[in-house]
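Here the structure is laid out as structure tokens; the discussion comes afterwards.
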Amino acid sequence: MTRPPLAILTGPTGAGKSDLALAAALALGGEIINADSLALYRGFDIGTAKPGPEDRARVPHHLIDVLDPDQDFDAAAYLRAARPLVERLGREGRPALAVGGTGFYLRSLTAGLFEGPGRDEAFRARLAGEASAGVDLYARLAALDPETAARLAPADRVRIERALEVLHVSGRPISQWQREHALAERPFRTLSVIVDRPPEEMAGRLERRTRLMFERGLPAEVEGLLAAGWSPDLKPFGAIGYKETVEYLRGRISLAEAVDKTLTATRRYAKRQRTWFRGQMPGARWFHPDQADEIVGLLRDFFGSAPAE
RNA sequence: GCCGAGGUAGCUCAGUCGGUAGAGCACUAGACUGAAAAUCUGGGUGUCGGCGGUCCGAUUCCGUCCCUCGGCA
């Protein structure tokens with residue numbers, strides 16, 4: 001049994017992944033699996049630069065519009081949803097392209113996650129209560145799992161809570177789970193392509209794109225979602241562009257400020273993405289999106305080649 | 001024109017009883033195993049508005065000029 005092939009197409013926000021993915025999928029007869037943590041949500045269209053109906057009619061897109069704003073999702077859920085798709089496309093002999101900027105989801109797809117306990121909402125709620133009552137959760141972790149505490153910053157509450165959760169539910173420190181797993185799963189034969197542009201090009205693109213989002217109705221989209229009864233405290237409303245638009249609609253900031261803050265947050269996000277790709281995707285090939293022919297050729301060879309084993 | 005407040009990092013501001021200055025944000029580099037568009041870590045990038053005076057030494061005190069914001073005319 002050979003492993004199914006999977007092509008990853010990623011890059012910082014606004015570099016031009018989606019257009020390239022569409023062209024590549026058309027050229028190869030492939031299908032696109034979304035790897036963007038926010039395009040999963042129905043109704044979050046403009047601010048996520050989600051592919052429109054025309055594009056989705058031309059090439060099958062998976063894992064877009066599959067969640068309501070109040071539905072929990074995480075890397076493990078992504079892995080569970082996306083892996084069967086890659087396997088199915090592999091059986092059908094159709095190229096599978098995972099496309100999106102959520103590096104953590106992509107790495108989970110290709111390298112896995114340790115199979116320990118998932119989220120335990122009741123435990124999380126208890127931790128949140130203790131934290132707001134002044135309990136030092138880092139000190140607790142340092143006492144219960146000093147190895148993990150040594151690796152984490154005292155202010156990194158997301159990872160501290162996760163570490164306490166794993167220990168509480170499984171009785172074993174997260175460091176042990178991680179050591180045993182070591183991100184060593186390789187369920188797919190993978191080719192990773194990153195598209196990026198020089199800073200001068202990105203600056204203008206991000207600015208134009210952000211302004212267009214607001215001009216094309218991001219505030220109206222958010223108003224519609226709120227009018228439908230969704231709470232602005234739900235996770236996807238914390239996303240770049242949405243957070244700022246909610247502030248604007250509440251009258252806390254001006255429209256110009258909302259645009260400005262969104263642009264700044266977008267730039268910072270693109271930088272964080274590059275840092276992730278450099279550090280976590282060492283084997284990836286980097287291209288300018290204008291090198292579409294070269295990229296498609298590379299993908300063609302990849303999907304056409306005999307499995308390596 | 002007069003009175004008052006102010007002019008310090010890219011921005012908002014703190015501070016220096018005279019010994020060349022620091023926070024947040026921005027910026028930059030990095031981390032990342034079920035929140036990842038999240039969360040976190042390191043790094044200070046500066047004619048302290050201009051000119052002159054006093055002083056061993058002025059961003060700080062004095063004088064003067066410029067600019068900004070209020071109020072009164």
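First the proteins, then the strands, lettered A, B, ... as listed; each starts at 1.
- Judged as a salt bridge (Lys or Arg N to Asp or Glu O under 4.0 Å), not a single pair has a partner in residues 279-296 of chain A (not counting sequence neighbours).
- In this structure A/Tyr138 satisfies the side-chain hydrogen bond (donor to acceptor under 3.5 Å, both in side chains) test with no other residue, sequence neighbours excluded.
- Sequence neighbours left out, not one pair with a member in residues 261-283 of chain A passes ring-ring contact (aromatic ring centres under 6.0 Å, His included).
- A gap of 33 Å separates the P atoms of B/C13 and B/G30, to the nearest Å.
- A/Asp260 has its CG atom 14 Å from the C1' atom of B/U12, to the nearest Å.
- With both ends at atom P, the span from B/G53 to B/A58 equals 11 Å, rounded to whole Å.
- With contacts defined as side-chain heavy-atom distances shorter than 4.5 Å, the pair A/Leu218/A/Tyr242 qualifies.
- A donor-acceptor pair under 3.5 Å is formed between the side chain of A/Arg205 and the backbone N or O of A/Gly14.
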Bracket string, RNA chain B, 5' to 3' - pairs by Watson-Crick or G-U geometry under 3.5 Å, | interstrand: (((((((..((((.....[..))))((((((.......))))).)...(((((..]....)))))))))))).
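- A/Tyr41 and A/Gln71 share no side-chain donor-acceptor pair at under 3.5 Å.
- Residues satisfying the side-chain hydrogen bond (donor to acceptor under 3.5 Å, both in side chains) criterion with A/Arg211, sequence neighbours excluded, are A/Glu207.
- What you find for A/Pro154 and A/Ile160 is that their closest heavy atoms are O-CD1, 3.3 Å.
- By the rule that a glycosidic angle within 90° of 0 means syn, B/G34 counts as syn.
- We find that A/Asp36 and A/Lys17 are not joined by a salt bridge, their nearest charged nitrogen and carboxylate oxygen being 4.0 Å or further apart.
- With hydrogens and angles left out, the side-chain atoms of A/Arg209 and A/Thr266 include no donor and acceptor closer than 3.5 Å.
- Residues A/Gln176 and A/Phe114 are not in side-chain contact: their nearest non-hydrogen atoms beyond the backbone lie 4.5 Å or more apart.
- At a non-hydrogen distance threshold of 4.0 Å, nothing from residues 63-71 of chain A comes into contact with RNA chain B.
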Letter per nucleotide, 5' to 3', of nucleotides 33-38 of chain B [B base touched, S only sugar-phosphate touched, - untouched; heavy atoms, 4.0 Å]: BBBBBB
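- Of the residues in residues 211-223 of chain A, none has a non-hydrogen atom less than 4.0 angstrom from any atom of RNA chain B.
- Rounded to whole Å, the separation between the C1' atoms of B/C67 and B/G49 comes to 8 Å.
- The pair A/Glu247-A/Lys261 fails the salt-bridge criterion, with no side-chain N (NZ, NE, NH1 or NH2) lying under 4.0 Å from an Asp/Glu carboxylate O.
- Between A/Phe277 atom CZ and B/A29 atom C1' there is a gap of 17 Å when expressed in whole angstrom units.
- Spacing of C1' atoms, B/A5 relative to B/G52, comes out at 25 Å, to the nearest Å.
- Every residue was checked against the side-chain hydrogen bond (donor to acceptor under 3.5 Å, both in side chains) condition with A/Arg267, not counting sequence neighbours, and none meets it.
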Look for any protein N or O under 3.5 Å of an N or O in nucleotides 23-26 of chain B and output each such pair with its distance, or none.
residue	atom	partner	partner atom	Å
B/A26	OP1	A/Arg268	NE	3.3

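- A donor-acceptor contact shorter than 3.5 Å is absent between the side chain of A/Arg58 and the backbone of A/Leu26.
- Between B/A21 and B/C2, the two C1' atoms lie 36 Å apart (nearest whole Å).
- Across B/U47 and B/U41, the matching C1' atoms stand 33 Å from one another, rounded to whole Å.
- Going from the P atom of B/C62 to that of B/A23 covers 28 Å, rounded to whole Å.
- Every side-chain hydrogen bond (donor to acceptor under 3.5 Å, both in side chains) that A/Arg88 has, sequence neighbours left out, goes to A/Glu92.
- B/C65 and B/G7 have their C1' atoms separated by 14 Å, with the value rounded to a whole Å.
- Between A/Val66 and A/Asn34 there is no side-chain heavy-atom pair separated by less than 4.5 Å.
- To the nearest angstrom, P of B/G42 lies 12 Å from CG of A/Asp156.
- The stretch residues 151-171 of chain A participates, sequence neighbours left out, in these side chain to side chain donor-acceptor pair (under 3.5 Å) pairs: A/Arg124-A/Glu165, A/Arg151-A/Gln178, A/Asp156-A/Arg159, A/Arg162-A/Glu165, A/Ser170-A/Trp177.
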